There are 4 protein chains.
Amino acid sequence: MAGYSGSKDDYLKRLRRVEGQVRGIARMVDEDTYCIDVLTQVAAVTKALQAVSLGLVEDHLGHCVVHAAQSSDEEGQEKVREAADAIARLVRS
Amino acid sequence: MAGYSGSKDDYLKRLRRVEGQVRGIARMVDEDTYCIDVLTQVAAVTKALQAVSLGLVEDHLGHCVVHAAQSSDEEGQEKVREAADAIARLVRS
Amino acid sequence: MAGYSGSKDDYLKRLRRVEGQVRGIARMVDEDTYCIDVLTQVAAVTKALQAVSLGLVEDHLGHCVVHAAQSSDEEGQEKVREAADAIARLVRS
Amino acid sequence: MAGYSGSKDDYLKRLRRVEGQVRGIARMVDEDTYCIDVLTQVAAVTKALQAVSLGLVEDHLGHCVVHAAQSSDEEGQEKVREAADAIARLVRS
């Protein structure tokens with residue numbers, strides 16, 4: 001079980017949509033679509049992936065971090081440390 | 001012809017790799033992989049897409065914007081306006 | 001007491017440095033410094049502020065969220081919800 | 001003369017406002033304001049700085065890059081290269 005397991009189907013649906021959008025961008029590039037229109041589509045996919053990340057972060061905090069904190073202070077702090085690193089990678093990506 | 005047409009094959013290769021990575025993330029979710037490991041992969045894909053965007057912006061400036069500027073001041077300014085909007089969407093995505 | 005109170009002096013020192021950097025950028029603009037050099041400085045300040053945010057998020061998770069989770073499941077979830085919204089604003093800023 | 005010189009007063013006004021906002025955040029920290037409220041303010045300042053950057057990029061493209069392109073293809077490409085690097089720093093900050 002992962003923190004997001006309760007919404008697994010929703011994440012899978014969103015990821016399949018992203019996969020289709022990336023394939024659509026490749027088709028646009030293949031057909032020499034105007035740069036700005038390609039950029040608009042890439043920005044839309046980036047935003048969709050970001051939303052997936054934010055959902056995963058919230059699920060992780062609400063399950064894994066909360067449970068760790070309830071198990072012991074030390075486990076809670078360890079999970080917080082790890083989550084904070086993941087959030088930093090997200091903010092910088 | 002688009003601004004990126006000279007590097008079309010390179011962009012297509014990168015987009016196909018991104019598509020495969022997104023499929024890999026769906027597989028990870030399907031197998032209940034630990035949240036943090038999924039997040040790390042999503043951040044990697046977001047970074048790859050961002051690199052594609054930055055390449056497209058540079059190709060667009062170096063071809064479409066430069067040519068427009070050489071054709072007339074007015075056309076140059078119009079292309080700059082449009083490029084600036086695309087850059088803003090990129091920064092905010 | 002806030003989640004960051006243990007590192008208050010460090011945050012105050014960093015914020016004072018940021019304040020000085022912003023004043024430095026205003027001086028650069030006033031002296032018509034080359035655009036790219038001004039942009040490099042603005043990016044440095046943005047990065048510094050982002051680091052402050054990431055520190056505050058980690059302190060908040062490690063104190064306020066952990067304590068709420070230990071107090072009750074409901075309080076934990078409420079704090080997680082609020083933290084997730086703040087992280088989303090951070091990622092999108 | 002820099003690309004933004006025509007809007008210098010506007011930039012100076014915005015930077016002075018940002019400086020005041022940073023000072024306000026330091027005050028909030030000094031008074032142990034709730035973490036989430038501090039984070040909201042830091043996100044607002046980051047957004048304001050980002051808007052300054054996007055304005056500077058557009059001014060730079062519309063003046064320095066357009067003029068360089070009209071002077072020679074080589075100068076145009078050189079300025080585009082430099083601008084693309086600055087945009088990448090902005091996207092990654």
Side-chain angles (χ1 to χ4, degrees), chain A residues 1-8 10-11 14-15 17-18 21 39-93, chain C residues 1-8 10-11 14-15 17-18 21 39-93:
Chain A
M1 283 286 290
Y4 57 78
S5 295
S7 322
K8 207 161 126 167
D10 176 53
Y11 283 116
R14 288 157 79 180
L15 287 165
R17 200 180 314 134
V18 166
Q21 286 175 300
L39 275 167
T40 303
Q41 265 313 99
V42 181
V45 175
T46 309
K47 250 189 194 330
L49 279 175
Q50 210 174 64
V52 167
S53 295
L54 290 170
L56 290 170
V57 165
E58 182 167 356
D59 286 342
H60 181 64
L61 296 176
H63 293 89
C64 314
V65 173
V66 161
H67 294 165
Q70 290 171 343
S71 160
S72 85
D73 226 46
E74 207 185 347
E75 286 184 47
Q77 296 308 327
E78 207 181 299
K79 284 289 180 204
V80 162
R81 186 82 282 276
E82 188 189 50
D85 285 345
I87 294 164
R89 277 194 299 274
L90 181 58
V91 168
R92 288 177 184 135
S93 76
Chain C
M1 280 286 288
Y4 56 79
S5 295
S7 319
K8 207 161 127 166
D10 176 53
Y11 283 115
R14 288 156 79 181
L15 286 165
R17 201 181 313 133
V18 166
Q21 285 175 300
L39 274 168
T40 302
Q41 265 314 98
V42 180
V45 176
T46 309
K47 251 190 193 332
L49 278 175
Q50 208 174 64
V52 167
S53 296
L54 290 170
L56 290 171
V57 165
E58 183 167 355
D59 287 343
H60 180 63
L61 296 176
H63 292 88
C64 313
V65 174
V66 162
H67 292 166
Q70 290 171 344
S71 160
S72 85
D73 226 46
E74 207 185 347
E75 285 184 47
Q77 295 311 326
E78 206 182 300
K79 284 288 179 204
V80 162
R81 185 83 280 277
E82 186 189 52
D85 284 346
I87 293 164
R89 277 194 298 274
L90 179 56
V91 167
R92 289 179 182 132
S93 76

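As the structure is a computational prediction, the values presented were derived from the model and not from experiment. Numbers restart at 1 for each chain; the letters A, B, ... are given by sequence-line order, proteins then strands.
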Counting heavy-atom pairs under 4.5 angstrom with chain C, the leader among A:Ala88, A:Ala83, A:Ser71, A:Ser53 is A:Ala88

Below 4.5 Å, heavy-atom pairs only: which of C:His67, C:Arg81, C:Lys47 has the largest tally toward chain A? C:Arg81

Count the heavy-atom pairs under 4.5 Å between each of C:Gly62, C:Gly55, C:Ser93, C:Ala84 and chain A, then report the option with the highest count. C:Gly62

Candidate pair C:Gln70 and A:Asp73, rule side-chain contact (heavy atoms from CB on, under 4.5 Å), full reasoning: CA-CA 9 Å; C:Gln70 290 171 344; A:Asp73 226 46; 2.9 Å; yes

How about A:Val66 and C:Val80: do any of their side-chain heavy atoms sit closer than 4.5 Å?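 They are in side-chain contact.
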
pair C:Val65-A:Leu61: side-chain heavy atoms closer than 4.5 Å: no

Against chain C, label [X] side chain, backbone, both or neither, depending on which of its atoms sit under 4.5 Å from a heavy atom there.
{"X": "A:Ile87", "value": "both"}
{"X": "A:Glu58", "value": "both"}
{"X": "A:Val57", "value": "side chain"}

